[in-house]
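Let me begin by presenting the structure, written as structure tokens, before commenting on it.
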Amino acid sequence: MDLRLKKERKASLGILPTPLMPLKRLSRRYHCEMWMKRDDLIGMGMGGNKTRKLEYLLGEALEKHCDTVITAGAVQSNHCRQTAAACARLGLECHLLLGGCEQPAQGNLLLDHLFGAKIHWAGSSRKGEDMELLAENLKKQGRKIYLIPYGGSDAVGALGFVYAVEELLIQEKQMNIQTDAILFASSSGGTQAGLVVGNQFYRAGKQVYGIGIDKSPTGEPDTREKIEEIVATITDQSGLSMPEPDIQLNGDFMDRPYAECGELEKHAMTVFAREEGVVLDPVYTGRAFGGLLRLLEAGMFKNRKILLWHTGGAPAIFAYHSQLT
Ligand SMILES: *Cc1c(COP(=O)(O)O)cnc(C)c1O
């Protein structure tokens with residue numbers, strides 16, 4: 001596979017490039033130059049980083065003449081919501097396996113219904129453990145299935161973030177700026193794997209710094225293992241040589257279980273809202289940038305030019321009002 005050829009086969013879903021904007025007041029407050037890449041404004045179904053992955057995943061689904069997509073996630077999964085929206089636009093039937101049980105439609109779940117997705121409740125499994133079974137059942141009904149792993153994180157989806165590095169470099173050149181580190185929330189691994197490969201492929205020379213937000217129970221592959229696996233698959237398939245990929249993943253901010261919003265997240269959401277008018281989400285960007293604020297307070301990244309990749313997630317806040325007020 002030639003990385004340059006893959007690009008031709010994507011489904012066009014996002015409004016690209018996404019805006020790159022300075023965070024002037026936060027830069028002054030924390031003594032560094034801060035920029036934000038706004039994938040929350042990517043334009044597909046209320047935005048987020050999964051749209052970049054879905055361009056390649058659903059591009060492949062269409063190429064294979066599939067008519068039905070199955071994916072999985074937590075009740076408030078941004079990935080599932082963006083998949084539902086993208087499937088609606090492309091005329092594909094969308095089935096979502098969501099962790100938990102039937103509940104009032106709020107936040108992302110409300111949007112899943114609005115986009116016409118078929119919801120299946122998966123109890124305690126929120127990472128697609130039952131996808132194969134559902135696929136078998138739908139195949140018997142004559143559907144042609146395309147399976148997307150939770151988070152859209154595999155070697156196809158991650159290509160969206162390989163090319164996002166090229167997009168960023170072009171944008172920085174046009175704006176005559178040069179950031180030296182990219183910081184973001186890392187969870188199912190596709191975003192970080194793509195950025196790591198893209199950083200090398202385009203010789204961007206940036207520090208790619210993920211902040212882990214989802215601690216896997218023992219025995220499950222964790223975020224780092226998933227990143228390593230996806231990087232290895234992309235490099236194998238494309239003939240790129242990356243013997244020891246530089247995977248920087250900070251796991252210091254995962255005291256609370258996945259999707260539980262505490263003081264760290266609330267503080268970050270308040271700071272970004274009141275200093276910059278930017279809405280973070282309680283699960284991913286809230287935790288990651290809450291962690292980043294602590295690192296900045298400890299003097300890390302001082303005088304550096306850092307880019308915060310806003311990966312979206314804001315629709316979830318409407319399901320979190322009791323934890324946020
Ligand atoms: C999925 C998601 C992430 C993490 O991306 P991964 O590729 O799963 O690591 C970060 N932020 C938001 C808002 C997300 O929905």
Side-chain angles (χ1 to χ4, degrees), residues 18 36-42 44-57 71-86 107-108 111-112 126-128 148-162 164 182-198 208-216 221-231 234 247-251 253-254 258-259 261 265 268-269 272 278-292 308-317 319-320:
T18 56
M36 185 170 259
K37 180 78 171 144
R38 299 293 303 270
D39 278 10
D40 56 324
L41 303 179
I42 205 163
M44 174 87 250
M46 293 192 85
N49 64 336
K50 303 309 182 303
T51 298
R52 291 189 186 273
K53 303 176 184 181
L54 288 163
E55 291 200 322
Y56 292 90
L57 292 163
T71 196
V75 186
Q76 286 301 323
S77 166
N78 302 300
H79 162 66
C80 287
R81 181 249 310 157
Q82 288 166 83
T83 305
N108 280 309
L111 291 164
D112 295 340
R126 66 174 164 94
K127 294 186 175 176
I148 300 180
Y150 89 96
S153 285
D154 62 14
V156 176
L159 284 177
F161 272 91
V162 175
I182 303 176
L183 299 117
F184 54 95
S186 199
S187 173
S188 67
T191 300
Q192 186 152 0
L195 290 174
V196 165
V197 173
V208 175
Y209 193 96
I211 300 177
I213 65 96
D214 181 10
K215 188 155 74 187
S216 302
D222 64 8
T223 301
R224 175 176 297 275
E225 288 168 69
K226 291 205 62 192
I227 297 166
E228 283 168 353
E229 187 192 305
I230 298 167
V231 168
I234 300 178
I247 297 168
Q248 300 187 33
L249 182 66
N250 183 326
F253 306 104
M254 299 191 291
Y258 171 78
C261 178
E265 293 81 12
M269 291 177 74
F272 278 78
V278 168
V279 181
L280 302 183
D281 79 286
V283 180
Y284 296 89
T285 52
R287 182 166 293 182
F289 297 151
L292 173 62
L308 282 58
W309 208 297
H310 194 321
T311 45
I317 66 172
Y320 273 79

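None of the values given here were measured: they were computed from a predicted structure. We count ligands from 1, going down the list as the structure has it; atoms in each ligand are counted the same way.
- For atom 10 (C) of ligand 1, the nearest protein heavy atom (residue, atom name, distance) is Thr311 OG1, 3.2 Å.
- Of all atoms in ligand 1, numbered sequentially from 1 with element shown, those under 4.0 Å from a heavy atom of Gly190 are 7 (O).
- Against a heavy-atom cut-off of under 4.0 Å, Lys53 is close to the following atoms of ligand 1: 6 (P), 7 (O), 8 (O).
- Considering only non-hydrogen protein atoms, atom 1 (C) of ligand 1 sits nearest to Lys50 NZ, 1.4 Å.
- Heavy atoms of His79 found under 4.0 angstrom from ligand 1: none, in either backbone or side chain.
- In this structure, Asn49 is part of the shell of residues with a heavy atom less than 4.0 angstrom from ligand 1.
- The closest non-hydrogen atom to atom 13 (C) of ligand 1, taken over Ala185, Ala158, Gly312, comes from Gly312.
- Atom CE of Met46 sits in a sparse spot, with 12 or fewer heavy atoms from other residues, nucleotides or ligands closer than 6.0 Å.
- Contact check for Phe184 versus Phe161: no side-chain heavy atoms found under the 4.5 Å cut-off.
- In this view, Ala314 and Val279 satisfy the side chain to side chain contact (heavy atoms under 4.5 Å, CB included) rule, not counting sequence neighbours.
- Distances below 4.0 Å separate heavy atoms of Gly313 from the following atoms of ligand 1: 13 (C).
- Under the side-chain contact (heavy atoms from CB on, under 4.5 Å) test applied with Lys50, the options Glu55, Gln82, Arg81, Met44 reduce to a single match, Gln82.
- Ser77 has its side chain out of reach of Thr71: every pair of non-hydrogen atoms, C-beta onward, lies at least 4.5 Å apart.
- Residue contact check: Ser186 has heavy atoms under 4.0 Å from atoms 9 (O) of ligand 1.
- Here the protein heavy atom with the shortest distance to atom 9 (O) of ligand 1 is Ser187 N, 2.7 Å.
- Note: no N/O pair closer than 3.5 Å links Thr285 and ligand 1 by distance alone.
- Atom 8 (O) of ligand 1 has its closest protein heavy atom at Ser188 OG, 2.5 Å.
- When side chains are defined from C-beta on, His79 counts as touching Ile148, because their heavy atoms get closer than 4.5 Å.
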Stepwise side chain to side chain contact (heavy atoms under 4.5 Å, CB included) test for Asn78 and Tyr284: CA-CA 10 Å; Asn78 302 300; Tyr284 296 89; 3.6 Å; yes

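- Between Gln192 and ligand 1, a contact under 3.5 Å exists for no N or O pair.
- For Asp214 and Arg126, the salt-bridge test passes: some basic side-chain N is under 4.0 Å from an acidic carboxylate O.
- Considering both main-chain and side-chain atoms, Asn78 comes within under 3.5 Å of ligand 1 through a nitrogen or oxygen pair.
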Test side chain to side chain contact (heavy atoms under 4.5 Å, CB included) applied to Ser188 and Lys53, step by step: CA-CA 12 Å; Ser188 67; Lys53 303 176 184 181; 3.9 Å; yes

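- Of all atoms in ligand 1, listed by their number and element, those nearer than 4.0 Å to a heavy atom of Ser153 are 7 (O).
- Between the CD1 atom in Ile211 and the CZ atom in Arg287 there is a gap of 12.0 Å [rounded to 0.5 Å].
- The N/O atoms of Gly189, backbone and side chain alike, include one that comes under 3.5 Å of an N/O atom in ligand 1.
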